[in-house]
S.K.: 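To start, I am sharing the structure in question, which I have written as structure tokens.
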Amino acid sequence: MKAVFKIPSRSRPLTLVGKCSNHIFCNEDCSLSIFGSMCPRLSTAVLSCIFLTFNLLDAAGTDSSALSWRYSLSAALSYSSHSPAFGTFVDEGIELPAEAGIFDSGDDTGLGLFFDGAAQLHDRLWLGLALDFRNADGDISTTEEKTYIIQGVPTSGVNNHTVSFTIRSLGLTPSLSYDLPGSLYLRAGLRLAFVIDAPFTQRETIQSPEGLEFPNGSSRRVLSEASAGFDDVQIPGVAALLGLGVHLPLNEAGSLGLRGEMHYQTDLTSITHDVEWKAATLALALGITITPTTSIPVLRDTIIMRDTIIDRRADIETEITRLEERNSSTERKTSAEHIRETLRITERYRRSEPKKPPLLLPSLKLRFALPDGSEAEAVALQIRRRREKFRAPLLPYIFFAEGSDSLPQRYRSQGTASPDEFTESDLDRVSLPGMYRELLNIVGSRLRQRPGATLVITGCNDGGLSEAGDSALSQRRAAAVRDFLRDHWQINPERMPLRSRLLPERASSLRHASGRAENRRAELSSDDSAILAPVRLQLTSFEANPPELLLYPEVLTTSLLSHWSIAVTAGDASTRLIQRWEGVGSLPPLLRWSIAEDSSAMRLVQGEERMQSFLTVQDTAGFIAISDTGSIRFRHSQRDVAADVELRERYSLLFFGFDDADLRTDQQDYLQSIRPALLQADSIVISGTTDNSGSVSYNRALALQRAENVADLLGLPSSIPVSIKAANGSLSNELPEGRCYNRSVSILVDRGD
């Protein structure tokens, strides 16, 4: 049977007929060649590839006796996508409509077996030649529209034309491979394909409609079917190949390995001569690789170059040698007689030798300073803790910078706490300045607790050249305080009426900068006395006996000091640092430590039994020495609250005006309210204080006058010892609030130990 492809783009059909029964690659009689029964075209192609391979080896300039070889045997699974472009295939003698369609796509799957060998051209470059066998089965199909008469009615239908083929071929693939890091390699080459056998079957079937019956009563849907063999195939077919693979060694010598490869090839020539028919193939191969060991001897040389740097250090006791840097490189030269490998190693060492230490002997002597001016050996220290209940009045003034109506940060920084979380009990153990900085929080909290109370805010200015007569500035200062309470504490602005004036009603001196600073303020007043009532604080103070520790550091040395430090520690293994002094250069002859005034240190030693101290020195050469540890024992005692009875309380009275000792009505009312508590005292100390504006003698007289006025108003019975004295203000005079708090009278009530 003869099969015909109709090619729309050609003037004549291409006839592919299987005529040769003895020689599968041609239409002519062939004689045996050196490859057995191969036809002349196959023999010529094989000889050409072998000749090309050996010519490439020779062109590489490499002696074949020095080459490394490897051989592989692999099995492959492939998938091909076909791109034909020929007309409808028909059988002779069967009438089918011409030009029913174009065969334009198809695919096949196949199995393959291939053997290849490769010679090493360079360290990573290999020249290979592979021989493979491939068997692939596939289909190419197209459809054709038809009209059928069913029960006298014309009906549209579709016929399917299918070419099922099998292609068995031998391939010869010269290629180049390049080894990548990690046992990977890339391979590129050309596959020369020689078709051994190519049978096909053409079939036309009715795809639709269903239920057709032919006049003879048959329901067979296959209209025609014919088989033949492709005759006019391209010999050899040429395809480009690109692959990625991996070699995995299976033994220590690397002579046996596992090879996996995935490659892609695309036809460069058509499968047959007279039609355009190409395929693209993706294949996955797995196999075994054998790499024969070379008989060429390998000569190995190692060249080591070492460099050592020597230094002398004071902080080590024994010699230390360490490798700082190491570099290596390998050089390989190949000849017909041997392979020479040279390993070059460069090492850099550093040897540190101990430096002979100089004389460096520190010592630390501890002495107590006694009240009579003498000294005593520091052996034991009496530490006394006192907890004191303190009623601190609120200073109802918010001070502003010159010319400014912006609320200072020292008030704003305290306003970050949530209003729902703030309580006045949080103010325990804070200092008087710390309590004052919470003024707006205290007032805001009390306004929320007493919704019927109002707060009058009066803005003032300093009366100086920059602010004199500027009542608008005074108004803006009052508004800044109101806005903070409104925004942070959500106080209704209607409860906070604003007032403004030029100078305050009780203005400080305009002649002094400090007085003018006190006048730049917003004053708070309320119709509810609880809004600005004093705050109860609990303060902790310490007493040490003896109160002062003297430290005498000394060092016996032959070199200069660069740094020194003295540390005082407590606790197990001296883990808690109490105090520390340090400096550069020579040691000071004496350090004085007023222990009682160092409240943070006193808190650290609560419950401890012993305190340690030691001196550390370092000279300019880097040598370090530490003195022996000095030790002081502790004896603890405490004045505290027992059975909820306050043992000591302090009451403060302020708002004395500048250079003023008279008591105002609100101060008199406050003193009368605390008088019953004072009648329970064992002893009372009334101390008057001033700011630092006047001379020492003037301030002392003013302080005594303030204290005496308070004592006269209280009228305490003679059975209660009352001491009246002048004292220095305890707060800094740098800020206006510090000066205001220093113009006060404090009442210290003691009920004994």
S.K.: First locate atom CZ of Arg351, then atom OG1 of Thr308, and finally report the distance between them rounded to the nearest 0.5 Å.
M.R.: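 The OG1 atom of Thr308 is 6.5 Å from CZ of Arg351, to the nearest 0.5 Å.
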
S.K.: Name the one of Val222, Asp139, Val163 that satisfies side chain to side chain contact (heavy atoms under 4.5 Å, CB included) with Arg203?
M.R.: Val222

S.K.: How many angstroms lie between atom CE of Met262 and atom CG of Leu244, to the nearest 0.5 angstrom?
M.R.: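 Output value for this atom pair is 6.5 Å.
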
S.K.: Distance check, rounded to the nearest 0.5 Å: Ile167 atom CD1 versus Asp137 atom CG?
M.R.: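 Reported to 0.5 Å precision, the distance equals 9.5 Å.
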
S.K.: If the condition is salt bridge (charged side-chain N to carboxylate O under 4.0 Å, His left out), which residues does Arg124 pass it with, not counting sequence neighbours?
M.R.: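 If we apply the salt bridge (charged side-chain N to carboxylate O under 4.0 Å, His left out) test to Arg124, skipping adjacent residues, there are no hits.
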
S.K.: Run the side chain to side chain contact (heavy atoms under 4.5 Å, CB included) test against Leu241 and tell me which residues pass, sequence neighbours left out.
M.R.: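 Partners of Leu241 by the side chain to side chain contact (heavy atoms under 4.5 Å, CB included) criterion, ordered by chain and then number, come out as Arg187, His263, Gln265.
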
S.K.: How long is the straight-line distance from CD1 of Ile288 back to CZ of Arg259, given to the nearest 0.5 Å?
M.R.: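 Rounded to the nearest 0.5 Å, the CZ-CD1 separation comes out at 11.5 Å.
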
S.K.: For Trp564, give me all partners under side-chain hydrogen bond (donor to acceptor under 3.5 Å, both in side chains), at least two apart in sequence or on another chain.
M.R.: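 None.
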
S.K.: Test side-chain contact (heavy atoms from CB on, under 4.5 Å) on Ile310 and Glu353 and set out the steps.
M.R.: CA-CA 7 Å; Ile310 301 175; Glu353 300 176 351; 3.8 Å; yes

S.K.: Using the test salt bridge (charged side-chain N to carboxylate O under 4.0 Å, His left out), find all partners of Asp267 that sit at least two apart in sequence or belong to another chain.
M.R.: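 With neighbours one apart ignored, the set is empty.
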
S.K.: Using the test side chain to side chain contact (heavy atoms under 4.5 Å, CB included), find all partners of Asp307 that sit at least two apart in sequence or belong to another chain.
M.R.: none

S.K.: Please report the interatomic distance CG(Leu258) to OG(Ser183), rounded to the nearest 0.5 Å.
M.R.: 11.0 Å

S.K.: So, using salt bridge (charged side-chain N to carboxylate O under 4.0 Å, His left out) as the criterion, who are the partners of Arg326 when residues are at least two apart?
M.R.: Glu347

S.K.: Classify the ring geometry of His82 against Phe165: parallel below 30°, tilted from 30° to 60°, perpendicular beyond 60°.
M.R.: perpendicular

S.K.: Can you list the residues that meet the side chain to side chain contact (heavy atoms under 4.5 Å, CB included) rule with Leu242, with sequence neighbours excluded?
M.R.: Ala188

S.K.: With sequence neighbours excluded, tell me which residues meet salt bridge (charged side-chain N to carboxylate O under 4.0 Å, His left out) with Arg70.
M.R.: Asp179

S.K.: Tell me every residue that passes side-chain hydrogen bond (donor to acceptor under 3.5 Å, both in side chains) with Asn160, counting only those two or more places apart in sequence or in another chain.
M.R.: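 side-chain hydrogen bond (donor to acceptor under 3.5 Å, both in side chains) check on Asn160 returns Thr162.
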
S.K.: Mind checking side-chain hydrogen bond (donor to acceptor under 3.5 Å, both in side chains) for Tyr79 and listing every partner two or more places apart, or none if nothing turns up?
M.R.: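 Listed in chain order: Asp107.
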
S.K.: Are Glu144 and Asn159 close enough that a side-chain donor and a side-chain acceptor fall under 3.5 Å?
M.R.: no

S.K.: State the CG-CZ distance between Leu360 and Phe623, to the nearest 0.5 angstrom.
M.R.: 9.0 Å

S.K.: Go through Gln120 and His122 one step at a time and tell me if the side-chain contact (heavy atoms from CB on, under 4.5 Å) criterion holds.
M.R.: CA-CA 6 Å; Gln120 189 174 20; His122 197 262; 5.9 Å; no

S.K.: Test of understanding: with side-chain hydrogen bond (donor to acceptor under 3.5 Å, both in side chains), list the residues that count as partners of Asp311, not counting sequence neighbours.
M.R.: Arg350, Ser352

S.K.: Does Thr302 have any side chain to side chain contact (heavy atoms under 4.5 Å, CB included) partners at least two apart in sequence or in another chain, and if so, which?
M.R.: Ile304, Leu343, Ile345

S.K.: Does the side chain of Tyr349 pick up a donor-acceptor pair with the side chain of Glu325 at under 3.5 Å?
M.R.: no

